[in-house]
Student: 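Got a structure for you, questions after.
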4 protein chains.
Amino acid sequence: MAKKMKIDMRNEILKSVESLISVSGVNSISLKDIAKTCNISKGTLYYYYKTKDEIIFDVIVKHVQELHTEYLDWIERHQHDLTIERFLSVILYKGVKLFNRAKLHIFLVNECIKGNDVLRNKFNELWNKWHKILQVGIKKAFKNEQESEDIAYLLMLIIDGLAIQEVLQNQIISEERIITLMKKIGERDVK
Amino acid sequence: MAKKMKIDMRNEILKSVESLISVSGVNSISLKDIAKTCNISKGTLYYYYKTKDEIIFDVIVKHVQELHTEYLDWIERHQHDLTIERFLSVILYKGVKLFNRAKLHIFLVNECIKGNDVLRNKFNELWNKWHKILQVGIKKAFKNEQESEDIAYLLMLIIDGLAIQEVLQNQIISEERIITLMKKIGERDVK
Amino acid sequence: MAKKMKIDMRNEILKSVESLISVSGVNSISLKDIAKTCNISKGTLYYYYKTKDEIIFDVIVKHVQELHTEYLDWIERHQHDLTIERFLSVILYKGVKLFNRAKLHIFLVNECIKGNDVLRNKFNELWNKWHKILQVGIKKAFKNEQESEDIAYLLMLIIDGLAIQEVLQNQIISEERIITLMKKIGERDVK
Amino acid sequence: MAKKMKIDMRNEILKSVESLISVSGVNSISLKDIAKTCNISKGTLYYYYKTKDEIIFDVIVKHVQELHTEYLDWIERHQHDLTIERFLSVILYKGVKLFNRAKLHIFLVNECIKGNDVLRNKFNELWNKWHKILQVGIKKAFKNEQESEDIAYLLMLIIDGLAIQEVLQNQIISEERIITLMKKIGERDVK
DNA sequence: GATGAATGAGTTTTCATTCAT
DNA sequence: AATGAATGAAAACTCATTCAT
C-alpha cells in the first residue's frame, strides 16, 4: 500500500512536469515549480526522486509509452476497417501534434542534447520501439510488406518535424496534404 | 574600419556560440563559456551585445541565412544537370544533417519555446522564406508545378525530423531510402 | 511556529539593512553585505525575500511605522503634562535626528527617486498618515484647533530638513532655537 | 583658448548630469549615460574628468553656486521694495522647489552619505555660505537683527524638507501657508 | 584632443540539492 | 512521510576605469 502511494505520488509529479511544459509556456522548468504544482514541498519531491534527471528520465518514459498505448489501443479498435487515410490521420494526430505534447517532445529532445547519455539512450530505445509498433499498422494499412519499414521511419521523421512546427506555432501544412502525399508512396506499391 | 571590427567581433561571438552548441555537448551554454571561447572577458561580450537573447537572436538569423546561401549557391551551380536524386540529396545534406547544425537547430527551437516571441517570429519568418526558396528548386527538379508547395513543406518537415534524430544520434534511416520514397511522390506527377 | 521563525528572520534582515545604512557609512548597500550581517547565505536571503526591492519596501514600512509607534507611546504617557516645549522637543527628537535614522531616511527617499513608484506611494501614504497622527498632539500641545494642520506640515518639513543636515553632519541649529521660533507661531494663536 | 574649450566641455558635462538627474527620472546615473547626453565618448569624458567623484563634486559646487547667484541677483533687484511675503516666496521658490532642482539636491545629499567626506565637506561649506547670504536678506525683510540667524537656519531646513516632499511628489503644503506661518515668527519681533 | 575597445570586480538573481526535525 | 530552511555555485548583467592608437 505504501508502495502504491509512492507510485501515485510519482505519477503526480510526472503529470505536473508534463503540464508545466506542455500547457503553460513555462520558461525552463524548476523543481520549485514542480513542487508547487503538486502541492508538495521541495523536500518531499526529493523523497520521491533523488535527482532532477531521474524525474526527466521518467517523464520521457511516460511520454513515449503513452504514445505507444494510445496508438495500440486505436489500432486494435480499428484493425478491421483500416484505410490508409484514417491510419495516417491518426498517426499524425496521436503522434505529437494535437495532444499538446509537441512542447514536451522538443523539451525532452533538448534535455538529451545536454550530454545526458542515459537519457538519450532511453529516448532512442523507446523511439525505435515505436518504429516497430508503427510498422505493424503500416503493413495492415498499406498492405505493403516490403517498404513498411522505410515508410514507418519516414512517418516518424514527419511527426518530429510537425512537432517542431507546432511548438513554433507555424502551421505550414495541413494533415490532409501530408496524407495525400504519403498515399502516393503507398499506393504505387499496393498494385 | 572600426565598424568593420565591430562586425568581426560580433561574428566571432556568433561562431563561438555555434561551435559551443554544435560540436561539444555543451550543457546549456553560458556567457562565461562564450567569452572564454572568444578569448575575451564577459565585460567585452556585453560591449558587443546588450543581452544574451540578442546573441541567440543573431545566431538564429545567421544559422538560417547560411542554410539559404549554401543552398542557393548549390542550385545555381547545378541548375543544368538537376536530377531528383541529386536535388533531394543535397537538400537533406545541406538541410541540417551533416553540417553539425542539428544541435544548433534544436537548441534554437527550444529557446523559442521558452516564451520568447520575438525569437519565434524571426525563426518562422526565416523558415517560411526558406520554403519559398526550396520551392524553386523543386519545380526545376521535379518538373512538377502543381504540388511543389506541398512537397517543399514535406521536405522541410523531414529535415526537422532528421535534425532531431541527428541530435539523438539515432540514425534511423538512410538518405537514400528517403530519396527513394520521395521520388515516388514526384514521379507519379511527372507523367 | 514556523511562521514565527519566518517573521523573525525577515525582521533580522530588515534590522541588518537598517544598521548597515544608519551606522556604518555604507557605500551603497549590497545583498552580499546584508547576508553577511545576518550570518546567512545570499541564497537564504532569497528564501525570505524575492527581490531586493521587496526588502527595501519593508524597510520603509518598518522605519516609518516605528516612528509612529514611538511617538504615539510617548504622547500617551505625557498627555496630561504636555507643554509646547516638551512636545516640540520630542517630535524633533523622535522625528529623525537622534535615533540614527537620518541616513536611513535619506537613503529611502533616494530609492524613491529612482523611479520606483510603488515605493514612493508607500512612503507618501505612511508620511501622510504621520501627519494625521502628529496633528493630534499639536492640537493638545498648542491648544490651537485652527492651524494644527499647517503646523503639523511645517514640523514635518523641518524634520526632513533636519534629517538632511544630520546626514551631512552639519549641525546648523539647536533644537532649542527651533523650538523657540516655533513657539511664536503657536503662542500668538493661543491668546 | 584651449583652456576655454576645456571649461566649456566641463560645463557641458555638468549640465548633462544635472538634466539627467533632474528632468528625466534616471535610475542611478552612469558615465555611459553622461557621455551619451554630451555626444562624446566615455574616453573623452575621462579626458576632462579623472573620476566620477570629481564630476559629482563639480555638480555640487555648480548647483549651490547657482542657487546663490540667483538669490543674490534677485535680492539686489528688489532690495528697496522688500516685503516679507515676497522675500519668503522667492526664497522657497528659488530654494529648490520650482527649478527642477529637488531631485538633484537629494541625489547629491545621498552621494555625500556614501562616505565621501570630501564631497560632504564641500556641500556643508557651500550650504553654510548660503546661510550667511540668506541672513542679509532676512535682516532687510524682517527688520529683525536679533533672530535673523535662526530664521535663516529655519528657512534652510524648510527648503530641504520641501525638496524631499517635491521628489516624493507629495504636495503637502502650499507656499502661502508656510509664508503665513513664518510671518508670525517675524512679525512679533518687528513691533 | 578624442575614442573605441577591453576589462574585472562587482551586482542581483536562480536553482538543484541537503538535512535536521 | 514530509517539510521548511539553508546553501553554494553559477547564472546574467553593470559599470567605473584604463589604454593603445
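Every chain is numbered from 1, with letters handed out A, B, ... down the list of sequences. Excluded from the calculations below are hydrogen atoms, water molecules and symmetry mates; all remaining heavy atoms, backbone and side chain alike, are included.
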Student: Please confirm whether the shortest side-chain N or O distance from A/Tyr47 to OP1 or OP2 of F/dA2 is below 4.0 Å.
Tutor: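 Negative; the distance criterion is not met.
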Student: If you check every side-chain atom of C/Tyr48, which of E/dC15, F/dA5, E/dA6 has the closest atom?
Tutor: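 The closest nucleotide is F/dA5.
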Student: Rounded off to whole Å, could you give me the CD1-to-C1' distance for the B/Ile13 and E/dA6 pair?
Tutor: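 My rounded result for the distance is 12 Å.
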Student: Quick one: CD1 on A/Ile7 to CD on A/Glu12, what's the gap to the nearest 0.5 Å?
Tutor: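 Answer for the CD1-CD pair, A/Ile7 versus A/Glu12, is 14.0 Å.
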Student: Give the angle between the helix axes at the two ends of the helix from E/dA2-F/dT21 to E/dT21-F/dA2, taking five base pairs at each end and rounding to 10°.
Tutor: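 It works out to 20° between the end axes.
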Student: Take atom CZ of C/Arg10 and atom C1' of F/dG4, then tell me their distance rounded to the nearest Å.
Tutor: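 Interatomic distance, CZ of C/Arg10 to C1' of F/dG4: 15 Å.
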Student: When the distance from NZ of A/Lys32 to P of F/dT7 is rounded to whole Å, what number comes out?
Tutor: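 Between P of F/dT7 and NZ of A/Lys32: 17 Å.
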Student: Side chain to side chain contact (heavy atoms under 4.5 Å, CB included), that's the test. Do D/Phe107 and D/Ile29 meet it? Break it down for me.
Tutor: CA-CA 10 Å; D/Phe107 172 83; D/Ile29 213 158; 3.9 Å; yes
Student: List for me each residue that meets salt bridge (Lys or Arg N to Asp or Glu O under 4.0 Å) alongside D/Glu66, sequence neighbours excluded, and say none if there are none.
Tutor: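 Salt bridge (Lys or Arg N to Asp or Glu O under 4.0 Å) list for D/Glu66, sorted by chain: D/Lys62, D/Arg101.
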Student: Residues of residues 49-59 of chain A with any non-hydrogen atom less than 4.0 angstrom from an atom of DNA chain E: list those, numerically ordered, please.
Tutor: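 Of all residues in residues 49-59 of chain A, the ones placing a heavy atom under 4.0 Å from DNA chain E are A/Thr51, A/Lys52.
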Student: Hey, does the side chain of B/Asn124 reach the backbone of A/Leu168 with a donor-acceptor pair shorter than 3.5 angstrom?
Tutor: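 Yes; judged by distance alone, with no hydrogens or angles, the pair exists.
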Student: Under the side chain to side chain donor-acceptor pair (under 3.5 Å) rule, collect the residues that match up with B/Asn110, sequence neighbours excluded.
Tutor: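 With sequence neighbours excluded, B/Asn110 shows a side chain to side chain donor-acceptor pair (under 3.5 Å) to no residue whatsoever.
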Student: Kindly assign one of parallel, tilted or perpendicular to the pair C/Phe123 and C/His105, based on the angle between their ring planes and the thresholds 30° and 60°.
Tutor: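 Rings of C/Phe123 and C/His105: perpendicular, as their planes differ by over 60°.
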Student: Using salt bridge (Lys or Arg N to Asp or Glu O under 4.0 Å) as the criterion, list what pairs up with A/Lys52, not counting sequence neighbours.
Tutor: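 Counting only residues at least two positions away or on another chain, A/Lys52 forms no salt bridge (Lys or Arg N to Asp or Glu O under 4.0 Å).
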Student: Taking it one step at a time, do A/Cys38 and A/Met9 satisfy side chain to side chain contact (heavy atoms under 4.5 Å, CB included)?
Tutor: CA-CA 9 Å; A/Cys38 295; A/Met9 195 65 226; 4.2 Å; yes
Student: Which whole number of Å gives the distance between the C1' atom of E/dG1 and that of F/dT21?
Tutor: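 The answer is 13 Å between these two C1' atoms.
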Student: Does any residue of residues 37-46 of chain C have a heavy atom under 4.0 Å from DNA chain F, and if so, which ones, in number order?
Tutor: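 DNA chain F contact set from residues 37-46 of chain C: C/Ile40, C/Ser41, C/Lys42, C/Gly43, C/Thr44.
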Student: As a quick check of understanding, evaluate salt bridge (Lys or Arg N to Asp or Glu O under 4.0 Å) for B/Arg120 and B/Asp117, giving each step before the final call.
Tutor: CA-CA 5 Å; B/Arg120 213 195 61 230; B/Asp117 286 344; 2.8 Å; yes
Student: Taking atom P of F/dT17 as reference, at what distance in whole Å does atom CD1 of D/Ile34 sit?
Tutor: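 Interatomic distance, CD1 of D/Ile34 to P of F/dT17: 11 Å.
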Student: Would you mind reading off the distance between B/Asp8 atom CG and E/dG4 atom P, rounded to a whole angstrom?
Tutor: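 It works out to 17 Å between those atoms.
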Student: Between P on F/dA12 and CG on B/Leu31, what's the gap in Å once rounded to a whole number?
Tutor: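 Distance check: B/Leu31 CG to F/dA12 P gives 4 Å.
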Student: May I have the distance from C/Ile29 (atom CD1) to E/dG10 (atom C1'), rounded to whole angstrom?
Tutor: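 Computing the C/Ile29:CD1 to E/dG10:C1' distance gives 16 Å.
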Student: First locate atom CD1 of C/Ile40, then atom CG of C/Leu45, and finally report the distance between them rounded to the nearest 0.5 Å.
Tutor: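 Answer for the CD1-CG pair, C/Ile40 versus C/Leu45, is 5.0 Å.
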Student: Got a salt bridge between D/Lys15 and D/Glu18, using NZ or NE/NH1/NH2 to carboxylate O under 4.0 Å?
Tutor: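 Salt bridge between D/Lys15 and D/Glu18, a charged N being under 4.0 Å from a carboxylate O: no.
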Student: In whole angstrom, give the distance that lies between atom NZ of A/Lys36 and atom C1' of E/dC15.
Tutor: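 A/Lys36 atom NZ is separated from E/dC15 atom C1' by 13 Å.
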